[in-house]
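Worksheet: one structure, shown below.
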Amino acid sequence: MEISQPLEELDWIPRPKILALRRLGITTVEDLLTHFPRRHEDRHQFPEFPRDESEKPICLSGQVIKTSFRRFGGRRIFEATLQEPNANALSQPLILRWFNLHYIQKMIAADQQLVVFGKLKLRGKRLCMDHPEFEVIEDDEEKSIHLRRITPIYPATEGLSQRVLRGIIYRLLQDLDTAPIEPLLPKNLKNGDRGEAIRAIHFPETWQSLAAAREHLVLSEFFAMQMLIASRRVDSRARASATHAGRGELMEKFLSALTFELTTAQKKVIAEIRRDLAAKYPMNRLLQGDVGSGKTVVAIAAILLAAEAGYQAAFMAPTQILAEQHYAVLRRWLDPLGVKLSIRTAARQEETFLPLVAGDENADVIIGTHALLYEKVSFSNLGLVVIDEQHKFGVAQRARLTSREPAPDVLVMTATPIPRTITMTVYGDLDVSILDEMPSGRGKIITAVRDSSKLGDVLSFLRTQLEAERQIYVVYPLIEESEKLEAKAAAAEYERWRERFHPFSCELLHGRIPGPEKREIMERFRRGKTRVLISTTVIEVGVDVPNATVMLIENAERFGLAQLHQLRGRIGRGEHKSYCILLTSEPSSEAVAKLAVLEKTSDGFEVAEADWELRGPGDLLGTAQSGLPALKIGNLRRDAELMRRARAAAMSVFAADPKLESAQNQRFQHLIVEKQGRTFSNVS
Ligand code: ADP
Ligand code: MG
C-alpha cells in the first residue's frame, strides 16, 4: 500500500463509502490517514451516572430501557431512557432528549447499548442530556475498535457513521507498513517516527501518547507552513533593489521642526526602516501600531529618506477622507522642504478633469487611494511604497504596486492589532516593527456601555462636553443596503440628532456624499466650525481631530470588537479626557460580554485576542487570501508556542542552507512548492 494510492484501489472499501469519503475531500490513503479525530472519548471504563448538572460535556454508557414521545409547546420531544450498567435501587436513569429531530427515533430502540456524550442538566428531578452525540454499540467482535480504549471521534458526513469511518481507518492502519517513517521535521525540533505519530493520533494507548502524537503532527504542519513562508522571504530578498536612503538631512529637518519629541518606539522603528531602505534587498516591512501611536510621522520620515536619495514614494490610503488628510498633513511638513506632492483619488479626478498622468512624473510623493493602483499613474522612479491601514487592502492589491521591477521598498502599516500567531503566518513573509508605546500627554479614554433607554442622561452629559468647547462623533450602523434607502436613512438620522444637539452645529457624513463635499465637511469639523459629526463608519480609520473627545456609537453590538476599537481610536488624541459611549438595546449576554471587553481594556492586542476568542478565526485579516494551506490539525490560538518553535526552526534551516541542498535538507524540498501560485511576491 502506497500513501498516495487512491482509495478505489483498496478493494475492501465499499463503493458507497468511497463516495461518502469523497464528500469529505478524502480520496487517497494519505487523506484518510490525515483525517484527524476532532476529539477522543475515554471508553475504558465509564463513570457511574452523576446526580448533578455539569457544564463540561461527559461521556457515559448504558442500556436503553424505554423510548417515548412528548409534546411540549408545539415541539415534539423524543426521549430515550438510559440505565447504567450495574444499576441498583439507588441508581437514577438518564433521560436523553431530542427536540424536533424526527430521524433520531429511527436510530434508537429499547435494549440497545449506547455511548453518549453531552452536558447534564437537571429538569425537575430528572437528569437530562439534550441532543447528545451518541453511538449505538453493535456486534461483539468489533468492540475492541470502538470500546475499551481511548476512542477517536471523527468529523463525519452523511452516509458514513462514526463506527464505519472508525472501522475503515482502523483497518487502514493495520495494513500500513510498520517501517519507521522519518519525520518531516528537523531533528532539533522533534525526533520520532511519523508513522507512529499517525497511529497514535487515531488510536492512542494513553492520553500522554496522544498528546505527544498531536505535538508531533502539529509541529510537522506548522513547520511545512513556515518553510513555505521562509522560502517566500528568501525569494523576495533575492530580488534586485537599489539603495533608497539619502543621508537623512531632510528627515532631520522635519523631525527637528516637530513640536513634540519622538517616542522611543518611533525612534527605534525609524532606525529599522532606515536600515532596510539603505540595503540592497527590497524592504518588506509591517508596521503595527495601535490607533494614535504615531505611524504617520514614521511614514513621513521614510518618505523623506527616499526623496533625498532621488526616489519617488507612493503613499496609499484606504479611503478618500484619509488620503485627503494625509495630503494636508504632508503638505504642511513637506512644502517648506521643497518636496513636491501630488494626490490621486477617483473623486479628485472627477472634480478636476486632470489627465491623470500629467504632473505625476515630477512629484516626489504621490498620495492616493486605490486609484493609485488602477489608473495610469506614471511613476518615473518609484523607490518606496507606503500602504496605510493594510487590513483594508487585499494581498493582490498590495502586490500590484510592489511587484514592479526594480523592486521598491515596501512599508505596510496597520492599526488593527494582529494576534501574534497570525502575524507569524498571514504576514509571516514580512519583517515586523511595532510601535508599542503611546505618545505622552494623551488624555485618558473612558469607555462605558449604556442602554439606549438612558440616552437622555447621555445627552445631558454630551452637552457639558460641547459647552466645554469639545467636539463629538456620533456613529450609527448602516442598515439599508440600497443607495437610495441609505441616503434616506442617513437624512432621517441626521434630523433626529440635530434636534437633540440644538443649538450646536451638526453635520452629516456618509459614503454616498460626493468627494469634494466630503472633504469640505471634514475640513469644517477639523477647524471646529462643526461641533458634532454624525457619521457612518467612513471615519473608522485614521481620522485625526484632537479636539474631538466623545465617540458615541449607536447599536454598538452590531459592530465587531476590532472595528469598535478603531472607532474609539478617533478620540483621546489631544490632552483632554475623552469618552467612548457604546449604546445598545440588546440585552443578550453575548452582546454584553463583547462590549464589556472594551470597558475593561484599551490595549489593542488584548482587544484583538478577545475578538479572536469570541468570533473564532473566521476570515480574520484575510487568511483565506494568503495563499497558505489550510490547517488540518494545528490550532492557531491554542498552539501559538508550537508555531513560534516551528518558525524558528524553518528560519534556521534557510539561514544555513538557502537552497536546501544538504543531504538532510533535501527532503524538505517538496514543502516549498507553492500549491496555489505565489501570492505575496509574484502577482503581476
Ligand atoms: P496613527 O498611528 O493612528 O496613524 P497618527 O500618526 O495619526 O496615529 O498620530 C496621531 C496624533 O499623534 C497626531 O496628531 C500626531 O501628530 C501625534 N503624534 C505623533 N507622534 C507623537 C509623539 N511622539 N508625541 C506626541 N504626539 C505625537
Ligand atoms: Mg494613521
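Every heavy atom of this structure was used, including side-chain atoms; hydrogens, water molecules and symmetry mates were not. Starting from 1, each residue takes its place in the sequence as its number. Just so it is clear, the structure is predicted and the values come from calculations on it, not from any experiment. Start at 1 and go down the list; that is how both ligands and their atoms are numbered.
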Q226 (side chain) donor-acceptor with M424 (main chain) under 3.5 angstrom: yes
With a 3.5 Å cut-off and no angle check, do the side chains of Q471 and R531 form a donor-acceptor pair? no
Carboxylate-amine/guanidinium proximity below 4.0 Å for D388 and K295: no
Report, in ascending order of atom number, the atoms of ligand 1 lying under 4.0 Å from any heavy atom of T296. 4 (O), 5 (P), 6 (O), 7 (O)
Is the backbone N or O of G383 less than 3.5 Å from a side-chain atom of H244, with the two atoms forming a donor-acceptor pair by type? yes
Indicate yes or no: at least one non-hydrogen side-chain atom of I553 is less than 4.5 angstrom from one of F559. yes
Atoms of ligand 1, numbered as shown, that sit under 4.0 Å from any heavy atom of T263: 23 (N)
In ligand 1, the atoms that come under 4.0 Å of a heavy atom of E261 are 22 (C), 23 (N), 24 (N)
Which ligand 1 atoms does V291 reach within 4.0 Å, using its non-hydrogen atoms? 3 (O)
Is the closest heavy-atom distance from G289 to ligand 1 below 4.0 Å? no
Which ligand 1 atoms, with their elements, are less than 4.0 angstrom from a heavy-atom of G294? 1 (P), 2 (O), 5 (P), 6 (O), 8 (O), 9 (O), 19 (C)
State whether a side-chain donor-acceptor pair under 3.5 Å links T584 with E557. yes
N/O separation below 3.5 Å, G292 to ligand 1: yes
Any idea which atoms of ligand 1 are less than 4.0 Å away from a heavy-atom of L262? 23 (N)
Measuring centre to centre across the rings, with the benzene-like ring taken for any Trp, is Y579 within less than 6.0 Å of F461? yes
Taking only non-hydrogen atoms of R442 and a 4.0 Å limit, the atoms of ligand 1 in range are 10 (C), 11 (C), 12 (O), 17 (C), 18 (N), 26 (N), 27 (C)
Ligand 1-proximal atoms of R573, by part, heavy-atom distance under 4.0 Å: side chain
